[in-house]
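Some notes on the structure that comes next.
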Amino acid sequence: MSIIQFSKDMKWGAATAAYQIEGAAFEDGRGLSIWDTFSKTPGKVINGDNGDVACDSYHRYEEDIQLMKELGIEMYRFSVSWPRIFPTGTGEVNKKGLDFYHRFVDALLENGIEPMCTLYHWDLPQALQDKGGWDNRETVEAFADYAELMFKEFNGKIKMWITINEPWCVSFLSNYIGVHAPGNQDLQLATTISHHLLLAHGKAVTRFRELGIEGEIGYAPNTEWNEPFSNRQEDIDACNRGTGWFIEWFFDPVFKGSYPEFMVNWFEEKGVSLKIEAGDLETISQPIDFVGINYYTGSVGRFKQGEDLFDLEKIDIGYEKTDIGWNVYSEGFYKVLTKIKDQYGDIPIYITENGACYDDDVKDGQVKDQRRIDYLKMHLTSLKRSIDAGVNIKGYLTWSLLDNFEWAEGYDKRFGLIHINFNTLERTKKDSYYWYKQTINNGWFEMFY
Ligand SMILES: N=NNCCOCCOc1ccc(-c2cn(C[C@@H]3NC[C@@H](O)[C@H]3O)nn2)cc1
């Protein structure tokens, strides 16, 4: 048995997102988002689930904040529903939407919890999608205007801002693979959107700096690790392409001011090109204060001609899987974090999402989710290894505080420390909640090896 101990300076938190927990989808002037449309499109979401009610956190946030306070988290990452603020994406502000987030943020602060606000967590106003969505550069300006309004409105209250959550999911998962909203399957479109998302990030940072807003700003790319099956160069190269799709593609423009040549060349061989306008990369690559890293899983891979987008075949070598089918691969967390440090330097890092999906149920008022505790132990151990290797980790926010709407997977896929009965909306603290609470309180935990 060994002790895994963290610095008292490291901040502990939990994360959620508006469309996944709020509900109240048609209340107080909220406009439609692409996820309202997508989830109501037959066949797109398992069981036909949608975010109409979700966890009803729009009405139950005071109860949720008391659960956060008891948990002992210092930081809570949430997202703002853009269509709650601008029902059509631009134009007239919905004051009731602003008022809700003021009540919510004030309640967090009154309970000693620091808000970390994600401006874009996938719920694009449908009215903007109707005009081309992220494929249209006008959406970039609309996002900057929305960000500016939020900066001005919450200046001094919110001091940690995230511009875009998981640009890989917003661009490639949603517009090439097509399993998320709006569900396109077009590599050129997805690649163009990836550039517009980074541009939107840069323009929001520009407004933040020009306005002299108090606090820090960053973005939250998601990452995956691909471990070469052998030391054959073809296997290494294929894995580098698979990992580069998440890391270099979304980090190089921000931290180096250019797209990674090996990925640009690969996409060009697929007939895909980037349409970069003068000044774009200067805007994208202006300094940020931190980067949020989301990590869930990794794979072992090898070269296979014609396999997937990158001639990369994922191999199942018997890793344990979570109940969403992802490998439990904590070594990949260490590899991702040390790669980022080695390639991009000492940028402060918050782990803004890490957690596990397990099919939990309540028995006699308890949820015995030991597998989630073990997943967290393994990944926090990798995190400690990364810190000991010099990675500048500032905080760890687990995904998620609550079971919630897991996008195309619906409500069956549970990531929360707190179980939600989606019929009664009753909250039940899982064993992992109590374990996380003790770990936060102690600053350490016992590792099973
Ligand atoms: N990698 N290649 N895939 C090729 C085949 O893709 C099939 C599906 O792929 C993916 C990849 C990644 C995800 C995903 C989900 N979350 C969890 C959410 N994060 C933000 C927060 O809202 C959480 O709910 N993070 N990532 C889903 C599906």
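Small disclaimer: the values here were computed from a predicted structure and weren't measured. Read the numbers this way: they start at 1 and go in the same order the structure lists the ligands and their atoms.
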Ranking Trp122, Tyr296, Trp326 by closest non-hydrogen atom to atom 14 (C) of ligand 1, top hit is Trp326
Salt bridge (charged side-chain N to carboxylate O under 4.0 Å, His left out) test vs Glu248 passes for just one of Lys256, Arg241, Lys339, namely Lys339
Is there at least one pair of N or O atoms, one from Lys314 and one from ligand 1, spaced under 3.5 Å apart?
no
Logged contact type for Phe172 with ligand 1, heavy-atom cut-off 4.0 Å, is neither
Short version for Phe415: what comes under 4.0 Å of ligand 1, heavy atoms counted, is neither
Should Lys159 and Glu114 count as an ion pair when the cut-off is N to O under 4.0 Å?
no
Backbone, side chain, both or neither: what part of Tyr19 comes under 4.0 angstrom of ligand 1, heavy atoms only?
neither
Looking only at protein heavy atoms, what sits closest to atom 1 (N) of ligand 1 is Glu224 OE1, 3.0 Å
Starting from atom 25 (N) of ligand 1, which protein heavy atom do you reach first, and at what distance in Å?
Glu166 OE1, 3.4 Å
At under 4.0 Å between heavy atoms, what of Asn165 touches ligand 1? The answer is side chain
Quick look: Phe310 vs ligand 1, heavy-atom contacts under 4.0 Å, and the answer is neither
Trp122 ring center near Trp35 ring center (under 6.0 Å)
no
Pick, from Thr223, Ile177, Thr352, Asn226, the option with the minimum heavy-atom distance to atom 3 (N) of ligand 1.
Ile177
At a non-hydrogen distance cut-off of under 4.0 Å, which region of Leu173 contacts ligand 1 (side chain, backbone, both, or neither)?
side chain
Looking at ligand 1, does any of its N/O atoms fall within less than 3.5 Å of an N/O of Gln20?
yes
How far is atom 12 (C) of ligand 1 from the closest protein heavy atom, and which atom is that?
Trp168 CZ3, 3.9 Å
Salt-bridge present (Glu320, Arg371; N to O < 4.0 Å):
no
Identify, for atom 17 (C) of ligand 1, the protein heavy atom at the shortest distance, and state residue, atom and that distance.
Glu406 OE2, 3.5 Å
Heavy-atom contacts with Trp407 under 4.0 Å: which atoms of ligand 1 show up? List them by number with element.
21 (C), 22 (O), 23 (C), 24 (O)
If we only consider heavy atoms of His121, is any one of them less than 4.0 Å away from an atom in ligand 1?
yes
Centre-to-centre under 6.0 Å for Phe100 and Tyr61, is that the case here?
yes
Looking at Phe255 versus Phe251, is the centre-to-centre ring distance below 6.0 Å?
yes
Closest heavy-atom contact between Ser432 and Arg372?
OG-CD, 3.7 Å
Under 6.0 Å between the ring centres of Phe290 and Tyr219?
no
Among all protein non-hydrogen atoms, which one is nearest to atom 18 (C) of ligand 1, and what is the separation to 0.1 Å?
Glu353 OE1, 3.8 Å
Are Tyr329 and Trp225 an aromatic pair by the rule of ring centers under 6.0 Å?
no
So, taking the atom named OH in Tyr396 and the one named CG in Leu376, what distance separates them when rounded to the nearest 0.5 Å?
4.5 Å
Roughly how far, to the nearest 0.5 Å, is OH of Tyr350 from CE of Met10?
11.0 Å
